[in-house]
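In what follows, a single structure is set out as structure tokens and then discussed.
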Amino acid sequence: MNISTLLSSNYAVYFTLDDERMFQLNTVDGTHKEVSTIPILDRSIPIMVLHKNQFDFVKHYHLNPDNPDRISLSRAELYNQIGFISDEELRTFSNCIKGSDTASEQ
């Protein structure tokens, strides 16, 4: 699944990281570029802003394989791509999800 199916291209998507840098996300190909400011809301193109420090507060909930409302593997890959989830966290989550999917099929 690509990033454009996870995030609507009807939004201008921005995200911040722990070091307070800001990026604009290209929802078509998943690339991002650093920006100095997030623009003022424009009704013609809604803005979505994701903050890593806010995500960190709920990360354990979203990545819990026993949580029926956990994020999908595709969504976890997106969060990894923008730096919200480490490669190790993604690997662990992926292994747990694949393991639980296999166990539930038996």
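In this text, all values refer to a predicted model and were calculated from it rather than measured experimentally.
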Please test F23 against T16 for side-chain contact (heavy atoms from CB on, under 4.5 Å), starting from the C-alpha separation and ending with a verdict. CA-CA 6 Å; F23 298 88; T16 63; over 6 Å; no
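- Annotation for E20: atom CD does not count as buried by contact number, only 12 or fewer foreign heavy atoms lying within 6.0 Å.
- With contacts defined as side-chain heavy-atom distances shorter than 4.5 Å, the pair L50/M48 qualifies.
- Distance alone, capped at 3.5 Å, places no donor-acceptor pair between the R70 side chain and the N64 backbone.
- With respect to D56 and K52, a salt bridge is recorded, a charged nitrogen being found less than 4.0 Å from a carboxylate O.
- Annotation: the span from Q81 atom CD to T31 atom OG1 amounts to 8.5 Å, rounded to 0.5 Å.
- Rounding to the nearest 0.5 Å places CG of L17 at 9.0 Å from CD of E34.
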What verdict does the side-chain contact (heavy atoms from CB on, under 4.5 Å) test give for I85 and L78, after you've listed the backbone C-alpha separation in whole Å, the side-chain angles of each residue and the deciding distance to 0.1 Å? CA-CA 9 Å; I85 296 174; L78 165 67; over 6 Å; no
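- With rounding to the nearest 0.5 angstrom, the OG atom of S72 is 8.0 Å from the CD atom of E77.
- Rounding to the nearest 0.5 Å gives a distance of 8.5 Å between CG of L90 and CG of L63.
- Scanning all heavy atoms of the two residues, the minimum distance from I47 to P39 falls at CD1-O, 3.4 Å.
- Counting heavy atoms from C-beta outward, V13 and I82 have side chains that stay 4.5 Å or more apart.
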Is there a side-chain contact (heavy atoms from CB on, under 4.5 Å) between M22 and V49? Walk through the geometry before answering. CA-CA 10 Å; M22 297 177 281; V49 181; over 6 Å; no
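- With ring centers used as reference points, H32 lies under 6.0 Å from F15.
- Looking at every heavy atom in both residues, H62 comes nearest to F93 through O-CE1, 4.0 Å.
- In this structure the side chain of Y61 reaches within 4.5 angstrom of the side chain of D69, judged on heavy atoms.
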